[in-house]
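Keep in mind that what you see is a predicted model, and the values were worked out from it rather than measured.
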Amino acid sequence: MTQFPPAHRSQRPSRLRTLMATVAIVSTGLLSACAPNSTEASSHKPQVLATFTVLADIAQNVGGDYIDVQSLTKPGAEIHEYEPTPSDVRKAADADLILANGLNLETWLNQFLHDSEAPSVTVTQGIDPITITEDAGAGKPNPHAWMSPLAAQTYVDNIAEAFSQLDPEHADAFTANAEAYKKELQKVHDQLVAELADLPEQQRLLVTCEGAFSYLAHDASLEEAYLWAVNSDGQTGSRRIREIADTVEENQVPAVFCESTVSSSSMEQVANETGAHYAGALYVDSLSEEGGPVPTYLDLIRYDAELIAEALGSTHQ
């Protein structure tokens, strides 16, 4: 985890804090006049910028009432090949801290951080990454560690530690928020494992468009198969589709899935060729808009876990 000195924020005051300081100097001696401005300055919350919506939501749950967290990307956006805009660079310049997933997810991050003086923290530090074994990403870490409710607890601990350094006055609150949130993540994990415990061995195969579920599959003692390893435009050759279809047939897999941010046409073709049920979209790289099916990270991981357990167990008596 990147360390940063407590004094760092004072070296990069935002425009708001600069204005407050100026007002206080000009108004010296006029206590009644400057009291509202002093109150506003003292109640300023640290500004944190997370690289994508899932990470921002986890961080806001840890920060609670004492941290303001924004996401660089919008709900529904793809994170892998995101291209930061000039407005994103301005957001980073005003941030007190930047949170990144790491594990080769944000391939554009180094240049982005170069344009900002804000300290950054890689929230996957301490997680043992799963290595991609196929396609162009072979040998690289699978970046989707947040799809494991267990690994996500390490995210939470890293964020709580970073926030405690950023705002030591509220460290106890961050720790308490983190512990409560980790209990919710543990419940999701326990429920997934319990619901899949009696699944026949030949059906313990999670088939998806992208290999974004390696960590979740590991948690649930599932094998996995996918059309592409990571970050594809969804265009899949007929040979690969046939290979996955053969795997589905050989293992009598009852259901297959795709991800919400890519085309499901190739996986629907697999389902049509094998008689497996296309169970629908799983959410990975982004939350939905407020009012959508997965407006929070807990909603996302619960939704995916429940859909997988229901679809894979649908033929088991």
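Between the side chain of Thr53 and the backbone N or O of Leu287, at least one donor-acceptor pair lies under 3.5 Å. With Glu210 contributing its side chain and Glu259 its backbone, the two residues share no donor-acceptor pair below 3.5 Å. Under the 3.5 Å distance criterion, the side-chain polar atoms of Asp304 are matched with a main-chain donor or acceptor of Tyr283. Between the side chain of Asp88 and the backbone N or O of Thr85, at least one donor-acceptor pair lies under 3.5 Å. Side-chain N or O atoms of Thr122 include none that pairs as donor or acceptor with a backbone N or O of Ala100 at under 3.5 Å. When atom types are taken as modelled, the side chain of Arg204 and the backbone of Ser221 share a donor-acceptor pair closer than 3.5 angstrom. With Tyr226 contributing its side chain and Ala212 its backbone, the two residues share no donor-acceptor pair below 3.5 Å. Asp299 contributes no side-chain N or O that, together with a main-chain N or O of Val294, makes up a donor-acceptor pair within less than 3.5 Å.
With rounding to the nearest 0.5 angstrom, the CD atom of Gln191 is 10.0 Å from the CG atom of Leu196. Atom CG of Leu166 sits about 5.5 Å away from atom CG of Asp96, to the nearest 0.5 Å.
No side-chain heavy atom of Thr124 sits under 4.5 Å from any side-chain heavy atom of Pro129. Contact annotation: the side chain of Asp157 approaches that of Lys182 to within less than 4.5 Å [non-hydrogen atoms, C-beta and beyond]. The shortest side-chain heavy-atom distance between Val270 and Ile241 falls under the 4.5 Å cut-off.
Taking the charged nitrogens against the carboxylate oxygens, Asp167 and Lys45 have no contact shorter than 4.0 Å, which rules out a salt bridge. With respect to the salt-bridge test (charged N to carboxylate O, under 4.0 angstrom), the residues Lys183 and Glu179 do not qualify. A salt bridge does not link Arg90 with Asp94: none of the charged nitrogens is closer than 4.0 Å to a carboxylate oxygen.
Side-chain atoms of Tyr155 and Asn101 form a donor-acceptor pair, as typed in the model, at a separation below 3.5 Å. Side-chain contact of Thr175 with Asp172: a donor-acceptor pair under 3.5 Å is absent, judged by distance alone. Neither side chain, Thr208 nor Glu224, offers a donor N or O lying under 3.5 Å from an acceptor on the other.
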Verdict with reasoning, Tyr215 to Asn142, per side-chain contact (heavy atoms from CB on, under 4.5 Å): CA-CA 9 Å; Tyr215 296 89; Asn142 187 315; 3.8 Å; yes
Steps toward side-chain contact (heavy atoms from CB on, under 4.5 Å) verdict (Trp146, Leu55): CA-CA 8 Å; Trp146 68 88; Leu55 187 52; over 6 Å; no
Test side-chain contact (heavy atoms from CB on, under 4.5 Å) applied to Asn61 and Tyr297, step by step: CA-CA 10 Å; Asn61 275 275; Tyr297 169 66; over 6 Å; no
Chi angles and distances behind the side-chain contact (heavy atoms from CB on, under 4.5 Å) call for Glu273, Arg242: CA-CA 9 Å; Glu273 292 183 6; Arg242 186 63 252 169; 3.0 Å; yes
